[in-house]
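A short write-up of the structure that comes next.
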Amino acid sequence: MQRSADARRALDSGWQAAPDGQDWRPVPVPGTAADAGATGDLDSQEWTWRTRFSAEPGDALLWFDGLATICTAELNGEPVLESTSMFARHVVDVESRLRADNELVLRFAPLEPLLGVRRKPRARWRTKLARNDLRWFRTMLMGRAPGFAPGPPVVGPWRGVFAGPRPRLASVVLRPRLEGADGVLAVAAPGADEVRMGERRAELVDGIGEVRVAEVERWWPHTHGAPALHEVELLRGGDVVHRARIGFRTVESPGILEEDGLALHVNGEHVFARGAVWTPVAPDQVRPTLERLRDGGFNLVRVVGTACYEEPAFHDACDELGILVWQDFMFANLDYPIVDDGFRALVEAEARQLLRDVGGRPSLAVLCGNSEVEQQVAMLGLDPALGRGPLFAELLPGLALQEGVDVPYVPSAPSGGALPFRSDRGVANYFGVGGYLRDLSDVRRADVRFASECLAIANVPREAVVAAVGPDGGVVQDAGVWWNFADVRDHYLRTLFDVEPDVLRAIDVDRYLELSRAVSGELMAEVFGEWRRTASRCSGGIVLWLRDLAPGAGWGLLDSGGIPKVAYHHLRRVLAPVAVWTTDEGGNGIAVHVANDRRTPLRADLRLALYSAFERRMGEATIPVELSAGSGASFDAEALLERFVDASWSYRFGPPPHDVLVASLERDGELISQACRFVAGRPLVRLSATQLGLRATIEGATLAVTSRRLAYGVRIHGDGCTPADDAFSVEPGATRRIALGAPPRGGVSVSALNLATPVRAGM
């Protein structure tokens, strides 16, 4: 639960670090050797960090929140701690060793020589993801994975080091639950004698007790309701000694996970989970990055097993923002030596620490044993059961049960079915559309039940980033393959946009990048549109990944600076809590889908319009739509129009009767959601603003874009503005109004994929 304020103070001044034998240089704390600007193979060097600090009255303890990886801590020349796990936190009693002025030294042994030591048991399989002897060390694979995160690795005090007095409570465990409409909070807090929640109080006996609140307001993911939190205070002798915020909710996955897949039900209601894989960011970027995730219509974030456990501030923000957390234990691909007693003890301590940190949090939705271990085994032609073993089948779920953590447990992502990577059973990493270059029809054939990872594509960032690192900067390439994820994107640029990427790039690289931004976003939106429709058996998907580790065309929906890429906006529209989108049903025409995830009924108008030459209206129909809370519906486009128009241009009795179909969800004339489907190709011929009839004006902090012909892929460019939407289309004869976040500095220009020259927005 949320950590209460305490008297700890960071030892955040005067730290110096360098490889042994080199000059010292000052660095920030918490930090790493990489933060210090160090280069070379950091794992081959010994690092020593030191600082001086003055003891204050009452000081008794040193807290070490993260030491990467093999570390000896010395206080005033005496060893006080040996740590062999990056993920372990330590609290050391140093009261008898403190002086008025103290020196703390942290010595980190080089990891490289230790990796070369032969150990038993030998690995039963090997991976190309990272060095296989890393399986013996509890350290992060990210930074040591040549394909997607080659470095630098994390080395040094990567989280805070603190000094301070003994805490007023030694430990606090809060476990909220629902009993019917009532919320019940179970408390275990040695040293506390009372718990208070709102107007309700309860006595604690030896720190143990419960408090009940009738008709409690429940916590929901933000897409489905309000993430209600409740203030809790623990008291001793009438004084508040701990504060926290808790939420009441249930999370379940009905059915058999291995067969039926993961289907999250929060408070008994099915939730279509749309998530992204988290990558570590600087502490001051955690909340802004999660806010971007929320604002993009996503309701889940996966802390993946190649990375690291996140700090309380991350989980606090997820609780407050209504973002579900899929939490991996930090294991991936390797054959971990759980039969070794010392290793097992490290893992058990690490797992208990995590479970006590995240257990009871309303945002926690899934615990997962590892990333890709079972897949790794199966893809080598071995029995996938080898990847389950006692660690993931027994130890980790057993510890979760002991710690009272009440969420579904997935042993491995992917897992289930005859082979763990088969998408129609269990959970799967779906890259059929993506790395395997399948066409969009594969999304339906694959019958994905839940995609624990999907849609890894080289998403091109904004122009300023490309100018700094080049069009190929940041592109990810799997280890051991000749192709990279820009090649994947080029494949779909060729097949969906009917252009030749190599030729276009050679003659007009800016145009190539514009279309590349669009194609990855449109592709992702198509996939999630397939999965979200009411007839789909898919319960969710997690995009690989949310934010880039470095500048460039990485997998991120956000660039390394946290700025949304075009793909983010395409997904935001199809994933919004209230949304309309379409799917091509071939000979069955075009299906129009509407979703209402909100807790209140939806009453709106669904309008369908067809245009030829991207300007002339060929047909239109409007019907009232009423959807209950948390429901969806699908409509046949031609049934809405009450006549056959060959909506998908499947029968081909002649030239296409229309070029674009526009579906709009409106209330009282205001646009809620809109989607366009191009049945005979996208409008890629560039016209002048006069030919399009396009105008852009600024009204305060809002941009209004009007176009006589359809304006396709409209982008907003302005210094300091953060548009609420981007890369959208403007329906012929319509006006789109977009909030800019703040009045832009120096004005705004507007471009479009079918506009020859950007136009400046007038006032």
Side-chain angles (χ1 to χ4, degrees), residues 261 272 274 414 417 419 421-457 483 485 487-501 515-516 518-544 567 570-571 573-575 579-593 595 632 634-638 645-653 656 658-661 663 675-682:
F272 180 77
R274 48 274 209 180
L419 291 171
F421 40 83
R422 295 285 192 254
S423 56
D424 61 348
R425 298 287 188 275
V427 298
N429 291 352
Y430 177 74
F431 299 111
V433 170
Y436 306 146
L437 307 184
R438 309 290 290 183
D439 61 46
L440 280 167
S441 63
D442 184 72
V443 184
R444 193 166 297 187
R445 288 196 304 270
D447 192 19
V448 176
R449 306 305 295 269
F450 193 102
S452 46
E453 289 180 8
C454 63
L455 294 175
I457 300 175
W483 54 271
F485 285 88
D487 296 319
V488 171
R489 187 191 64 224
D490 283 353
H491 168 80
Y492 291 103
L493 187 57
R494 181 182 299 109
T495 58
L496 296 183
F497 280 29
D498 195 27
V499 298
E500 185 51 53
L515 297 184
S516 295
V519 74
S520 65
E522 292 191 22
L523 191 71
M524 290 182 171
E526 282 287 314
V527 171
F528 270 90
E530 279 284 343
W531 287 342
R532 195 182 181 190
R533 61 195 175 87
T534 55
S536 171
R537 296 203 301 169
C538 182
S539 289
I542 304 174
V543 176
L544 183 67
H570 281 280
L571 281 171
R573 289 189 284 270
V574 77
L575 298 180
V580 64
W581 70 98
T582 65
T583 55
D584 187 336
E585 303 296 322
N588 291 326
I590 300 295
V592 182
H593 309 278
S634 297
F635 304 87
D636 183 288
E638 284 156 322
V645 295
D646 197 5
S648 57
W649 196 40
S650 295
Y651 293 89
R652 308 290 175 108
F653 293 144
H658 48 270
D659 302 298
V660 61
L661 180 151
C676 297
R677 179 158 296 275
F678 303 102
V679 300
R682 292 159 176 82

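Count residues from 1 along the sequence.
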Main chain of Ser441, side chain of Arg444: is a donor-acceptor contact present, judged purely on distance under 3.5 Å? no

If you look at every heavy atom in Ser516 and Leu493, which pair is closest and at what distance? OG-CD2, 3.8 Å

Please name all residues satisfying salt bridge (charged side-chain N to carboxylate O under 4.0 Å, His left out) with Arg682, sequence neighbours left out, ordered by chain then number. Glu522

Compare all side-chain heavy atoms of Leu544 with those of Leu455 and state whether any distance is below 4.5 angstrom. no

Return the CZ to CG distance between Arg677 and Asp659, rounded to the nearest 0.5 Å. 14.5 Å

By salt bridge (charged side-chain N to carboxylate O under 4.0 Å, His left out), which residues pair with Asp442, not counting sequence neighbours? Arg438, Arg445

Restricting to non-hydrogen atoms, name the atom on Leu571 and the atom on Ala525 that form the minimum distance, rounded to 0.1 Å. CD2-N, 4.1 Å

Under 3.5 Å: donor-acceptor pair, side chain of Ser539, backbone of Phe450: no

Could you pull out the closest heavy-atom pair between Arg652 and Asp646, with the gap in Å? N-OD2, 3.4 Å

Heavy atoms of Val660 and Cys676 approach each other most closely as CG2-CB, 4.1 Å

Evaluation steps, side-chain contact (heavy atoms from CB on, under 4.5 Å), between Glu526 and Val443: CA-CA 9 Å; Glu526 282 287 314; Val443 184; over 6 Å; no

For residues Trp483 and Val488, determine if any side-chain heavy atom of one lies less than 4.5 Å from a side-chain heavy atom of the other. yes

Val448 vs Asp424, side-chain contact (heavy atoms from CB on, under 4.5 Å): CA-CA, chis, key distance, verdict: CA-CA 5 Å; Val448 176; Asp424 61 348; over 6 Å; no

Given the rule in the side-chain contact (heavy atoms from CB on, under 4.5 Å) test, do Asp439 and Thr495 qualify, once you have shown the distances and angles that lead to the verdict? CA-CA 8 Å; Asp439 61 46; Thr495 58; over 6 Å; no

Between the CG atom in Leu496 and the CG atom in Leu440, the distance rounded to the nearest 0.5 Å is 5.5 Å

Please lay out, stage by stage, how Val679 and Ser648 fare under the test side-chain contact (heavy atoms from CB on, under 4.5 Å). CA-CA 6 Å; Val679 300; Ser648 57; 5.5 Å; no

Roughly how far apart are Ser520 OG and Tyr492 OH, rounded to 0.5 Å? 12.0 Å

For the residue pair Val519 and Arg489, what are the closest heavy atoms and their distance? CG1-CG, 3.9 Å

When every non-hydrogen atom of His593 is compared with those of Ser634, the smallest separation belongs to ND1-OG, 2.7 Å

Inter-residue atom distance Cys454.SG - Phe431.CZ, 0.5 Å rounding: 7.0 Å

For Trp531, enumerate each residue passing the ring-ring contact (aromatic ring centres under 6.0 Å, His included) test, keeping only those at least two apart in sequence or located in another chain. Tyr430, Phe528

Counting the benzene-type ring for Trp, do Tyr651 and Trp649 have ring centres under 6.0 Å apart? no

So, taking the atom named CZ in Arg533 and the one named SG in Cys538, what distance separates them when rounded to the nearest 0.5 Å? 9.5 Å

Might you confirm whether atom CZ of Arg422 has over 12 heavy atoms from other residues, nucleotides or ligands at distances under 6.0 Å? no

Kindly say whether Asn429 contributes a backbone atom to a donor-acceptor pair with the side chain of Glu453 at under 3.5 angstrom? no

Once rounded to the nearest 0.5 Å, what's the spacing between atom OG of Ser536 and atom CG of Asp447? 7.5 Å

